[in-house]
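Below is one structure; the comments refer to it alone.
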Amino acid sequence: MASVGLCLALGCAVLALDARPQFRTRVLPVALSAILFALGARTIRRNQDWRDTFTLAKASLAVSPHSMLMNSLVARELMARGDARQAVPLLEEASRQEPTKARFHVLLGAAYYS
């Protein structure tokens with residue numbers, strides 16, 4: 001939803017600049033090309049994170065370290081790979097974020113048991 005607002009604001013800015021002939025011929029093509037290049041490069045970089053669930057969850061966790069969902073996803077993947085020791089702090093964080101969700105406590109117990 002945040003990108004929808006950004007796209008609307010950018011569209012309004014382009015329309016405002018398009019009304020001025022000096023911007024239409026000089027600034028607008030250069031600015032739009034730079035924006036498209038930057039967004040394209042970011043998309044290509046982000047596509048590498050979509051290799052598998054673990055890679056995507058770790059990349060998302062780096063941006064949102066307190067995300068209940070990403071902490072639990074990374075922890076589940078770590079446990080599936082046999083690394084319960086690293087899963088424990090992630091599950092503790094997920095349990096702190098949602099203390100009423102039993103599944104995080106069950107997973108945390110399983111990680112401690114492992």
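Note that the coordinates shown come from a computational prediction; the quantities given were computed from them, not determined experimentally.
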Nearest 0.5 Å please: distance from the CG atom of Leu90 over to the CE atom of Met70. 12.0 Å
Nearest 0.5 angstrom please: Glu98 CD to Ser72 OG, how far? 10.0 Å
Compare every heavy atom of Ala111 with every heavy atom of Ala84, then report the nearest pair and how far apart it is. CB-O, 3.7 Å
Residue pair Phe104 / Ser95: nearest heavy atoms and the distance that separates them: CB-OG, 3.5 Å
Who clusters with Leu56? Use side-chain heavy atoms, under 4.5 angstrom, across I, L, V, M, F, W and Y, and order the result by chain and number. Trp50
Do you know which two heavy atoms are closest between Leu108 and Val88, and how far apart they sit? CD1-O, 3.8 Å
Could you tell me whether a side-chain N or O of His105 sits under 3.5 Å from a main-chain N or O of Thr100, the two making a donor and an acceptor? no
Quick check against the 3.5 Å criterion: does Asn71 have a side-chain atom that pairs as donor or acceptor with the backbone of Pro65? yes
With a 4.5 Å cut-off on side-chain heavy atoms, are Phe54 and Arg81 touching? yes
side-chain hydrogen bond (donor to acceptor under 3.5 Å, both in side chains) partners for Gln86, two or more places apart: none
How long is the gap from CE on Met68 to CD on Glu93, to the nearest 0.5 Å? 11.0 Å
Do Leu91 and Met79 have side-chain heavy atoms sitting under 4.5 Å apart? yes
Are Tyr112 and Glu92 close enough that some pair of their side-chain heavy atoms sits under 4.5 Å apart? yes
Hey, what do you get for CG (Leu61) to NE2 (His66), rounding to the nearest 0.5 Å? 9.5 Å
Are Leu73 and Arg76 side-chain neighbours, meaning at least one heavy-atom pair lies under 4.5 Å? yes
To the nearest 0.5 Å, what is the distance between CD (Gln97) and CG (Leu69)? 11.5 Å
Under the side-chain hydrogen bond (donor to acceptor under 3.5 Å, both in side chains) rule, collect the residues that match up with Asp49, sequence neighbours excluded. Arg45, Arg46
